[in-house]
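Naming: A, B, ... by sequence-line order, numbering from 1 per chain. On a predicted model such as this, the values are computed, not experimentally measured, just so you know.
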Amino acid sequence: MRWSEMYVPTLRQDPAGADAVSHRLLLRAGYIRQLMAGHYSLLPLAVRVRAKIIDIIRDEMSAIGAQEFLLPTMQPADVWQKSGRWDKIGSEMFRLTDRKDADLALGMTHEEIFTTVAQELRSYRDLPQRWYQFQTKFRDEPRPKSGLIRVREFTMKDSYSFDTDSDGLDRSFAAHRDAYHRVFARLGIPAIAVEASSGIMGGSDSTEFMCPTDAGEDIVVHCACGYAANVEKATSHLPAAADGAGLAAPEPFDTPDARTIEDLVRDYGVTADRQVKTLVYVVDHQLTLVLMRGDHALVEQKLIDTIGAVEVRPAHPEEIRAALGALPGSLGGVGVTDLPILADEALRGRRDMTTGANRDGVHLRGVDLDRDIAVGRWADLREVVAGEPCPRCRQPLDVLRTVEIGHIFKLGRRYTEALGVTVLAADGERITPIMGSYGIGVERALAAIVETHHDERGIVWPAAVAPFVVAIAQLGNDEQVAAAAEGLYAELRARRVDVVLDDRAERPGVKFSDIELVGIPYRITVSARGLAEGTVEVTTRATGETTRTPLASAVTHLSELFAA
RNA sequence: CGGGGUGUAGCGCAGCUUGGUAGCGCACUCGCUUUGGGAGCGAGGGGCCGUCGGUUCGAAUCCGGCCACCCCGACCA
């Protein structure tokens, strides 16, 4: 490719409102343009990178025996109704109707559709099957942000496995997990595999692949011993509390100005870890008390996962007052019998605690959880914070900001049952195949590479995904320079190297900064000055290292760099 | 959905307080010079000032509605 013929609209200044590094650089370097919030046009350079990412993923999918499909992105409502997700998913799914007024959806994932195809599986001998595709997904995100990191329309590599039994699913799951590690290693993404919540996908087990970056939105708890989990799932080992004997019964005391945990700490000397924080949630229309230790934060996803709830929201003050007779600040679970009460494990067995009395401006001390509060269910609901002891090795935990680039699920038989997929087993019985599903966000992976591969001058692509591996900077309009540059260009193309010849009538500084901004791994600089002594320069983008080499051996020198 | 902010040329911005019909830098076009780190000089082209309405002799500017986009939070496979 000749740069003079490419469309690469680089920007000299940082675009306004592009906060994330990858967003800023992809805009500046002419890879993407925004159409509307959450929808981006990929320009030629981005298309080249995307194609290389897809090739790497495809290669690793083939290596585990997966077969490529391409399923429709517009889908009928009825399969979603059969799986129950038409109602369960809510406004994140784009829905539309056709001229016959039939309900349709834009695919946000393809479990239902792949399972529909699987209805033709007949025999256990057909299994296992591992199927995948690269397909556009649509998700009506409430808040798209950070360029390609959170969008409403994107390409996903999604795969689905069908096995006869859970051992088979374990093998398919492990095959994908290993393939994903290889994919991310080849893409240059420092992915961490973490335990995750399965969310709306359902299923028994899931692992997320997370890339650490400031632009990330997921918090991951991580330990040197190898323990890693999304905060939505993470636990830590808290030291046991040593409570005193407490009181024979809870004792009210007036706290007229205390509305928060901190108020009680400051004005009444009750440390936060001796308080019971009473949160009121509406869980699938049921008002529910959620008790946490005063210094602990609730993870709503844990609440959702524990109950299997569809919708969870904090209750409004009016709802709370109507049910408990007090406002937030003086709430507690003592004596409450008409509402479900969930309590965090960290409160189990605690005595001599302080909590609200359900009378505004009054608290109770000497509360014994087992004796005084009708806890219906104990669960891990607490958010782990940095420095708490690792649940495995007891060393202090790290907390990282990350972006999710892949997620693999053991789904079970939910979809195959709902859509009536069965095969005949060896003994003549009908069995329902068990499924897994596995996803990688392609453009998000692209953004994650930029997040982790850049410097102050621009992007620094790993060679495996770079839009071009070599750029030839032809300086000046000297005929000999042009001839030498053209010669190198032809030679590299003959060797199937992705090379771009910067033959623009631009000054050297413009060429250098564009080539660096765009992030091409190697640059050959051809100039009259160099040719006078028979040499060209080869510069490595990542290190800035430049070596002079005779024109005739430039290609050989590059090959050595590729091999290194 | 709650809070905050911004919409003026392709990009980045000023002008708005104090109304009088739009400006700067970059980019773009042409000419000359220049050519190893985003060139210089000269001459040009380009904007329904997001949109609809109101006030006014007159609105980019004042008032109201709407729309879009960005940030924080909620939410989110």
Using the P atoms only, state how far B:C49 lies from B:G5, rounded to an integer number of Å.
25 Å
Rounded to whole angstroms, how far apart are CZ on A:Arg541 and C1' on B:G37?
13 Å
Hunt down the Watson-Crick or G-U wobble partner of B:U17, both distances under 3.5 Å, from any strand shown, or write none.
none
Taking only the P atom of each, what is the distance from B:C52 to B:U8 in whole angstrom?
15 Å
For nucleotides 66-75 of chain B, just jot down a letter per nucleotide in 5' to 3' order: B, S or -, based on protein non-hydrogen atoms under 4.0 Å.
---SSSBBBB
Who pairs with A:Arg548 by side-chain hydrogen bond (donor to acceptor under 3.5 Å, both in side chains), at least two apart in sequence or on another chain?
A:Glu533
Show me the donor-acceptor pairs within less than 3.5 Å that the side chains of residues 466-473 of chain A make with the rest of the protein, sequence neighbours left out.
none

A:Arg444 CZ to B:C76 P: how many Å, rounded?
14 Å
Between the protein and nucleotides 27-29 of chain B, which nitrogen or oxygen pairs are less than 3.5 angstrom apart?
| residue | atom | partner | partner atom | Å |
| --- | --- | --- | --- | --- |
| B:A27 | OP1 | A:Arg12 | NH1 | 3.1 |

Which residues in residues 519-538 of chain A have at least one heavy atom lying under 4.0 Å from any atom of RNA chain B?
A:Arg523, A:Thr525, A:Ser527, A:Arg529, A:Glu537
Tell me which pairs pass side-chain hydrogen bond (donor to acceptor under 3.5 Å, both in side chains) where either residue lies in residues 468-483 of chain A, with sequence neighbours left out.
none
Whole angstroms only, please: what is the CG-P distance between A:Leu27 and B:G10?
17 Å
Expressed as a whole number of Å, how far does the C1' atom of B:C72 sit from that of B:A27?
34 Å
Which residues share a ring-ring contact (aromatic ring centres under 6.0 Å, His included) with A:Tyr438, sequence neighbours left out:
A:His176
Is the centre of the A:His110 ring less than 6.0 Å from the centre of the A:Phe69 ring?
no
Nucleotide opposite B:G47 in a Watson-Crick or G-U pair, distances under 3.5 Å
none
Pairing partner of B:U6, by Watson-Crick or G-U wobble and under 3.5 Å for both distances, is B:A68
Could you tell me how far apart A:Lys88 (NZ) and B:C76 (P) are, to the nearest whole angstrom?
12 Å
For A:Thr416, enumerate each residue passing the side-chain hydrogen bond (donor to acceptor under 3.5 Å, both in side chains) test, keeping only those at least two apart in sequence or located in another chain.
none
Please figure out whether A:Ala16 or A:Val510 has its closest RNA chain B nucleotide nearer the 5' end.
A:Ala16
Paired nucleotide for B:G12 [Watson-Crick or G-U wobble; both distances under 3.5 Å]:
B:C24
Pair assignment for B:U55, Watson-Crick or G-U wobble, requiring both distances under 3.5 Å
none
A:Glu68: which of A:Lys157, A:Gln133, A:Arg58 passes side-chain hydrogen bond (donor to acceptor under 3.5 Å, both in side chains):
A:Arg58
Listed partners of A:Glu300 passing side chain to side chain contact (heavy atoms under 4.5 Å, CB included), at least two apart:
A:Tyr281, A:Leu298, A:Val312, A:Pro314
Can you name the side-chain hydrogen bond (donor to acceptor under 3.5 Å, both in side chains) partners of A:Asp344, sequence neighbours left out?
none
Hey, which sits more toward the 5' end of RNA chain B by its nearest nucleotide, A:Phe154 or A:Glu516?
A:Glu516
Over all strands shown, is A:Gln13 touching base, sugar-phosphate only, or nothing at heavy-atom distances under 4.0 angstrom?
base
Rounding to an integer number of angstrom, what distance separates B:U18 and B:C13 when you compare their C1' atoms?
22 Å
Take the protein atom CG of A:Leu43 and the nucleotide atom C1' of B:G10, then report the distance between them rounded to whole Å.
13 Å
For A:Asp78, I'd like to know if atom CG has over 12 heavy atoms of other residues, nucleotides or ligands within 6.0 Å.
yes
Find the partner of B:A74: check Watson-Crick (N1-N3 plus N6-O4 or O6-N4) and G-U wobble (N1-O2, O6-N3) distances, both under 3.5 Å, and reply none if neither fits.
none
What is the nucleic acid contact for A:Arg152, judged by heavy atoms within less than 4.0 Å: base, sugar-phosphate only, or nothing?
nothing
Length of the line joining A:Asp478:CG and B:G36:C1', which is rounded to integer Å
14 Å
Got a sec, which residues hit ring-ring contact (aromatic ring centres under 6.0 Å, His included) with A:Trp461, two or more places apart in sequence or on another chain?
A:Tyr31
At 4.0 Å (heavy atoms only), tell me whether A:Arg33 reaches a base, stays on the sugar-phosphate, or touches nothing.
nothing
For B:A39, what is the paired nucleotide under Watson-Crick or G-U wobble rules, both distances under 3.5 Å?
B:U33
From CG of A:Leu475 over to P of B:U34, roughly how many Å is that when rounded to an integer?
18 Å
Worked verdict on A:Leu42 versus A:Glu443 for side-chain contact (heavy atoms from CB on, under 4.5 Å):
CA-CA 10 Å; A:Leu42 301 190; A:Glu443 291 85 9; 4.2 Å; yes
Whole-Å distance between B:G12 P and A:Arg24 CZ?
14 Å
Got a sec, which residues hit side-chain hydrogen bond (donor to acceptor under 3.5 Å, both in side chains) with A:Ser513, two or more places apart in sequence or on another chain?
none
Ignoring backbone atoms, establish whether A:Arg507 has a side-chain N or O less than 4.0 Å from OP1 or OP2 of B:A39.
yes
